[in-house]
Amino acid sequence: MARRELQEINAGSMADIAFLLLIFWLVTTTIESDEGIKRQLPPPLPPDIDIPQAKEQNVFNVKVNFLDALLVEGLPLEIDQLKDKAKNFLIATGDGIIAHEIDGQTIGKNRDVEMITGANGKTNAAFPEREWVRKSEVKVKIAEYEQIVKLANDKDKDAFQKVLNKWNGKLRTIELLGGDYKELPASALISMQNDNNTTYNTYIQVQNELQSAVNELRDELALVKFGLTYRDLEDKYSRNKEDKKTLEKIIAIRAVYPQRISEAEPRDASSNYY
């Protein structure tokens, strides 16, 4: 019996099919990418500019060494305690908009003198001293800059208008919060510095705790004043960028609890700072 020959498979179109499948995969597949930590870094300063030294009480120092150990305000601290320490720094000598507790003492409304001076009547040097934003003073500034803008030449008008907008924003914040408030001085910030050999996991944990401190305080204040968390306000605004009222609420919360988390240049273990 004659042996049947096997018919050859025509593979001439296989390359075209594979190419089409590759194109389909590239078009339809979503490739996840690490976003990292959302932080807007300031531009580098020119070398000829002197950087003014901030008051020690206005900087909350957080350092992480090569062993992943934490040093906060000169003292060792566990990572799970960092958020509460950062919150204490941000609410100290505040305006009593919302009650908080610092070292077992309730800090809230009608406790303004104690918040600023402490039990011994002296200024608390461990925390930044917030500055009053008063409605009467803000109105004076608005009236002043309205006249300046009116009389300014075309070259300077835009710059003065920005200042006027800032003061109008402060007035709107006072109206939304229901009265005068205190804001952190411009130099008040949380400063983080890690070692070049700090593990990435510890670095992320520290960043997360510091960010959580700001987020929780914003959420608490937003809930009391507007019935929504700060995150809900941001989500609401992201769905409708024309919603100016929600944007004003977001700006008001940020005025009380700004996000100022700075990263210093990493250090080598040889520097032995901790």
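With a 4.5 Å cut-off on side-chain heavy atoms, F160 and L164 do not count as touching. In this structure the side chain of V72 reaches within 4.5 angstrom of the side chain of F60, judged on heavy atoms. Contact of the Y237 side chain with the E234 side chain is not registered, since no non-hydrogen atoms from C-beta on lie closer than 4.5 Å. Side chains of E248 and L176 form a contact here, defined as non-hydrogen atoms less than 4.5 Å apart. Counting heavy atoms from C-beta outward, L217 and L221 have side chains that stay 4.5 Å or more apart. L71 is listed as a side-chain neighbour of P76, based on a closest heavy-atom distance under 4.5 Å. Looking at heavy atoms from C-beta onward, E78 lies out of side-chain contact with L70 at the 4.5 angstrom threshold.
Side-chain contact of T229 with D232: a donor-acceptor pair under 3.5 Å is present, judged by distance alone.
The two residues M192 and Q207 make their nearest non-hydrogen contact at SD-NE2, 3.6 Å. Contact detail for A255 and P258: the closest heavy-atom pair is O-CD, 4.1 Å. When all heavy atoms of Y203 and T198 are compared, the pair lying nearest together is N-CG2, 4.3 Å. Annotation for E73 and N61: closest pair OE2-N, 2.7 Å, computed over non-hydrogen atoms. Taking each heavy atom of S187 and N58 in turn, the nearest pair found is OG-ND2, 2.9 Å. Looking at every heavy atom in both residues, P185 comes nearest to E129 through CD-O, 3.5 Å.
For A213, the side chain to side chain contact (heavy atoms under 4.5 Å, CB included) partners two or more places apart in sequence, or in a different chain, are K83, A86, K87. R231 pairs by the side-chain hydrogen bond (donor to acceptor under 3.5 Å, both in side chains) definition with nothing, not counting sequence neighbours. With sequence neighbours excluded, no residue satisfies ring-ring contact (aromatic ring centres under 6.0 Å, His included) with Y230. In terms of the side chain to side chain contact (heavy atoms under 4.5 Å, CB included) criterion, residue partners of E242 (sequence neighbours excluded) are, by chain and number, N240.
Taken to the nearest 0.5 Å, the CG atom of L22 stands 14.0 Å off from the CD1 atom of I17. A distance of 11.5 Å separates CD in Q205 from OG in S212, rounded to the nearest 0.5 Å. Distance check: E220 CD to I91 CD1 gives 8.0 Å after rounding to the nearest 0.5 Å. Here the CG atom belonging to N197 is positioned 8.0 Å from the CZ atom belonging to F66, to the nearest 0.5 angstrom. To the nearest 0.5 Å, atom CG of residue D84 and atom CG of residue L77 are 9.5 Å apart. One finds the CD atom of E137 at 8.0 Å from the CG atom of D180 (value rounded to the nearest 0.5 Å).
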Go through the steps for R254 and R218 under the test side chain to side chain contact (heavy atoms under 4.5 Å, CB included), then give the verdict. CA-CA 7 Å; R254 289 177 179 175; R218 286 177 169 181; 3.7 Å; yes
Under the side chain to side chain contact (heavy atoms under 4.5 Å, CB included) criterion, do V256 and R130 qualify, and how do the steps go? CA-CA 10 Å; V256 180; R130 284 177 173 261; 4.1 Å; yes
Determine whether E209 and I79 satisfy the following criterion, side chain to side chain contact (heavy atoms under 4.5 Å, CB included), listing intermediate values before the conclusion. CA-CA 8 Å; E209 292 298 305; I79 289 182; 3.9 Å; yes
Q259 vs Q211, side-chain hydrogen bond (donor to acceptor under 3.5 Å, both in side chains): CA-CA, chis, key distance, verdict: CA-CA 8 Å; Q259 178 180 290; Q211 186 65 59; 2.6 Å; yes
Could you go step by step and tell me if L82 and L210 meet the side chain to side chain contact (heavy atoms under 4.5 Å, CB included) rule? CA-CA 7 Å; L82 178 59; L210 295 176; 4.0 Å; yes
Go through it in stages, so that I can follow the logic: the residues are E183 and Y257, the test is side-chain hydrogen bond (donor to acceptor under 3.5 Å, both in side chains), and I'd like the CA-CA distance, side-chain angles, deciding distance and then a yes or no. CA-CA 8 Å; E183 62 183 3; Y257 295 123; over 6 Å; no
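Chaining together hydrophobic side chains whose heavy atoms lie under 4.5 Å apart places V27 alongside F19, I23.
Just one residue in the list L184, V59, I190, L90 forms a side chain to side chain contact (heavy atoms under 4.5 Å, CB included) with R260, and that residue is L184. When N201, T202, N194 are each tested for a side-chain hydrogen bond (donor to acceptor under 3.5 Å, both in side chains) with D68, only one passes: T202.
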Side-chain donor/acceptor pairs under 3.5 Å, residues 144-153, sequence neighbours excluded:
from: N153; atom 1: OD1; to: K155; atom 2: N; distance (Å): 3.1
from: N153; atom 1: OD1; to: D156; atom 2: N; distance (Å): 2.9

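When hydrophobic clusters are built by joining Ile, Leu, Val, Met, Phe, Trp and Tyr residues whose side-chain heavy atoms come closer than 4.5 Å, directly or via intermediates, L20 is not grouped with W25. A chain of hydrophobic side-chain contacts below 4.5 Å, direct or via other Ile, Leu, Val, Met, Phe, Trp or Tyr residues, connects I142 to I251. The cluster map of Ile, Leu, Val, Met, Phe, Trp and Tyr, joined by side-chain heavy atoms under 4.5 Å apart, puts L177 and L223 in different clusters. V140 and W132 fall into different hydrophobic clusters, where Ile, Leu, Val, Met, Phe, Trp and Tyr side chains are chained together by heavy-atom contacts under 4.5 Å.
Within 6.0 Å of the NZ atom in K139, the count of heavy atoms belonging to other residues, nucleotides or ligands does not exceed 12. Heavy atoms from other residues, nucleotides or ligands lying under 6.0 Å from NZ of K157 number more than 12.
Taking the charged nitrogens against the carboxylate oxygens, R172 and E175 do have a contact shorter than 4.0 Å, which makes a salt bridge.
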